[in-house]
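Structure record follows, encoded as structure tokens.
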Amino acid sequence: QWCSPELLVDPDVPAAAEVVLDALLGLADVVHLPAAEHGPAHEALRARVPWLTELPGAEGWIAPVPPPRMEEAMARFGRDCRRAARRGAEVTIRLASSRNEVEAALERLFVVHAERWRLRGGEIPRFSTTEAHRNWYRRVIAALAERGEVLIAEVLEDGELFSADLGFVAGRGGMVHTTAVRLGGKLKEPGRAAQLHLCRALEEAGVQAVDMGWGACEPGSPKSGLGPTRVVVKRLLAARSRRSQRALDSTLTLRGLARRSRP
């Protein structure tokens with residue numbers, strides 16, 4: 001899954017990005033690279049291959065940790081909990097961080113995620129709705145959890161899971177990867193609660209910035225409630241030579257025409 005991809009470059013050695021991309025272009029005829037607009041990878045590839053083609057990408061969201069609206073989000077969660085309590089629900093928060101805890105929480109996340117996304121198209125359902133994808137995530141996440149790089153925040157009502165948020169830790173950086181919400185509970189915003197507590201756990205793990213992934217940041221959404229910053233991600237296609245680039249662009253144009261002409 002793409003989030004907000006970037007090439008990390010030491011500010012004291014800015015030419016390192018171009019060295020890396022020179023090596024990449026020495027190995028491949030064409031490079032397809034998602035990169036944050038105006039970031040080191042984007043600028044280095046543009047400098048080395050000025051004839052490259054930019055394709056539409058997506059917008060991602062990043063935030064410092066703690067996020068700018070953390071206190072406001074905590075107050076909102078408190079009000080939601082009190083409202084749920086008046087309706088007879090006991091709300092609890094659970095955090096999985098050890099390998100055994102993460103493996104068990106991942107299976108619960110699969111169930112709630114599949115319930116919500118099984119009948120929808122696109123990339124999102126692949127996380128939970130096929131055994132091949134579930135097995136891949138089981139192996140990868142177990143290996144990361146062994147190194148202390150996985151956190152799963154869970155929100156329960158009367159012992160039943162209503163939302164979960166999977167995140168990763170890498171040094172001072174963190175990433176929100178997958179959220180799942182079960183409908184029909186007493187909490188008005190269970191998804192917001194899980195994301196909020198994942199951010200708290202990331203802060204306790206020493207994370208200073210978190211990539212919150214793509215899309216779903218409209219006003220009133222859980223993501224927007226934390227005050228992240230928008231990052232535009234471009235899809236860059238770069239061939240070794242101008243001639244190769246023209247051939248590549250022509251192929252893409254023909255492919256696009258063929259798709260649009262299908263009944």
Checklist outcome for this item: What one should report as the nearest heavy-atom pair of Pro190 and Phe162 is CB-O, 4.2 Å
Next on the checklist: With rounding to the nearest 0.5 angstrom, report the CG to CG distance, Leu236 to Leu55.
Outcome noted: 8.0 Å
Checklist entry - After noting the C-alpha distance and the side-chain angles of Glu107 and Arg138, does the key distance pass the salt bridge (charged side-chain N to carboxylate O under 4.0 Å, His left out) rule? => result CA-CA 9 Å; Glu107 296 303 320; Arg138 287 180 182 119; 2.7 Å; yes
Next on the checklist: If I compare all heavy atoms of Ala47 with all of Glu18, which pair ends up nearest, and what's the gap?
Outcome noted: CB-OE2, 3.7 Å
Next on the checklist: Please determine whether the number of non-hydrogen atoms from other residues, nucleotides or ligands lying under 6.0 Å from atom CD of Glu71 exceeds 12.
Outcome noted: no
Checklist entry - Looking only at heavy atoms, what is the nearest atom pair of Leu196 and Met70, with distance? => result CD1-SD, 3.4 Å
Checklist entry - To the nearest 0.5 Å, what is the distance between CD (Glu154) and CD1 (Ile152)? => result 7.0 Å
Next on the checklist: Is any side-chain heavy atom of Arg200 closer than 4.5 Å to one of Met74?
Outcome noted: yes
Next on the checklist: Other residues, nucleotides and ligands only: do more than 12 of their heavy atoms fall within 6.0 Å of CZ on Arg182?
Outcome noted: yes
Next on the checklist: Using the rule given for side-chain contact (heavy atoms from CB on, under 4.5 Å), can you reason through Met212 versus Gln195, listing the C-alpha separation, both sets of side-chain angles and the distance that settles it, and then say yes or no?
Outcome noted: CA-CA 10 Å; Met212 306 190 74; Gln195 189 170 87; 3.7 Å; yes
Item to check | From CD (Glu115) to OG1 (Thr129), nearest 0.5 Å | outcome: 13.0 Å
Checklist outcome for this item: CG (Leu156) and OG (Ser163) are apart, to the nearest 0.5 Å, by 8.0 Å
Item to check | Verdict with reasoning, Leu106 to Arg134, per side-chain contact (heavy atoms from CB on, under 4.5 Å) | outcome: CA-CA 9 Å; Leu106 180 63; Arg134 288 193 297 271; over 6 Å; no
Next on the checklist: Can a donor-acceptor pair be found, under 3.5 Å and without considering hydrogens, that links the side chain of Glu43 to the backbone of Gly39?
Outcome noted: no
Item to check | Phe168 side chain reached by Met175 side chain, heavy atoms, under 4.5 Å | outcome: yes
Item to check | Taking every non-hydrogen atom, the tightest pair across Leu226 and Cys199 | outcome: CD1-SG, 3.8 Å
Next on the checklist: Among Arg246, Arg235, Gln245, which residue satisfies the side chain to side chain donor-acceptor pair (under 3.5 Å) criterion with Thr53?
Outcome noted: Gln245
Next on the checklist: So, taking the atom named CG in Asp249 and the one named CG in Leu254, what distance separates them when rounded to the nearest 0.5 Å?
Outcome noted: 11.0 Å
Next on the checklist: If you apply the rule salt bridge (charged side-chain N to carboxylate O under 4.0 Å, His left out), what do you find for Arg76 with Glu189, and how did you get there?
Outcome noted: CA-CA 9 Å; Arg76 184 167 177 157; Glu189 300 173 328; 2.5 Å; yes
Next on the checklist: Given 3.5 Å as the limit, does a donor-acceptor pair link the side chain of Asp158 with the main chain of Glu90, or not?
Outcome noted: yes
Checklist entry - Any idea how His38 and His42 line up, ring-wise: parallel (<30°), tilted (30 to 60°), or perpendicular (>60°)? => result perpendicular
Checklist entry - Within the side chain of His197, is there an N or O that forms a donor-acceptor pair under 3.5 Å with the backbone of Ala193? => result yes
Checklist entry - Just by distance, do the side chain of Arg99 and the backbone of Arg147 share a donor-acceptor pair under 3.5 Å? => result no
Next on the checklist: Are Val150 and Phe110 linked, directly or through intermediate hydrophobic residues, by side-chain heavy-atom contacts shorter than 4.5 Å (ILVMFWY only)?
Outcome noted: yes
Next on the checklist: Tell me if the aromatic rings of Phe127 and His133 count as close, with their centers under 6.0 Å from one another.
Outcome noted: no
Checklist outcome for this item: Looking only at heavy atoms, the pair that brings Gly225 and Ala73 closest together is O-CB, 4.3 Å
Checklist entry - Does one hydrophobic cluster hold both Leu7 and Leu24, with members joined at side-chain heavy-atom distances below 4.5 Å? => result no
Checklist entry - With respect to Glu203, which candidate in Val210, Leu198, Val65 satisfies the side chain to side chain contact (heavy atoms under 4.5 Å, CB included) definition? => result Val65
Next on the checklist: Taking the ring of His177 and the ring of Tyr137, is the distance between their centroids below 6.0 Å?
Outcome noted: yes
Checklist entry - Looking only at atom types and distance, does a side-chain atom of Trp51 sit under 3.5 Å from a main-chain N or O of Ala239, one as donor and one as acceptor? => result yes
Checklist entry - Say you draw a straight line from OG1 of Thr130 to CH2 of Trp136; how long is it, rounded to the nearest 0.5 Å? => result 12.0 Å
Checklist entry - Is a side-chain donor or acceptor of Arg240 paired with a backbone partner of Leu25 at a separation under 3.5 angstrom? => result yes
Checklist entry - Going by heavy atoms in the side chains, are Val102 and Ile141 under 4.5 Å from each other? => result yes
Next on the checklist: Using a 3.5 Å distance criterion without hydrogens, assess whether the side chain of Glu6 forms a donor-acceptor pair with backbone atoms of Ala41.
Outcome noted: yes
Checklist entry - Where do Ala180 and Val112 come nearest, in terms of heavy atoms and distance? => result CB-CG1, 3.8 Å
Item to check | Heavy-atom side-chain contact between Trp61 and Arg230 under 4.5 Å | outcome: yes
Next on the checklist: Applying side-chain contact (heavy atoms from CB on, under 4.5 Å) to Leu187 and Glu157, what does each step give before you reach the verdict?
Outcome noted: CA-CA 8 Å; Leu187 279 173; Glu157 293 184 25; 3.2 Å; yes
Next on the checklist: Quick one about Ser241 and Ser244 (side-chain donor to acceptor, distance below 3.5 Å, no hydrogens or angles considered), yes or no?
Outcome noted: yes
Checklist entry - Hey, are Asp80 and Arg83 close enough for a salt bridge, meaning a charged N less than 4.0 Å from a carboxylate O? => result yes
Checklist entry - Remaining members of Leu8's ILVMFWY cluster at a side-chain heavy-atom cut-off under 4.5 Å? => result none
Item to check | Trace of the side-chain contact (heavy atoms from CB on, under 4.5 Å) decision for Glu54 with Arg46 | outcome: CA-CA 10 Å; Glu54 288 192 7; Arg46 272 227 160 268; 3.2 Å; yes
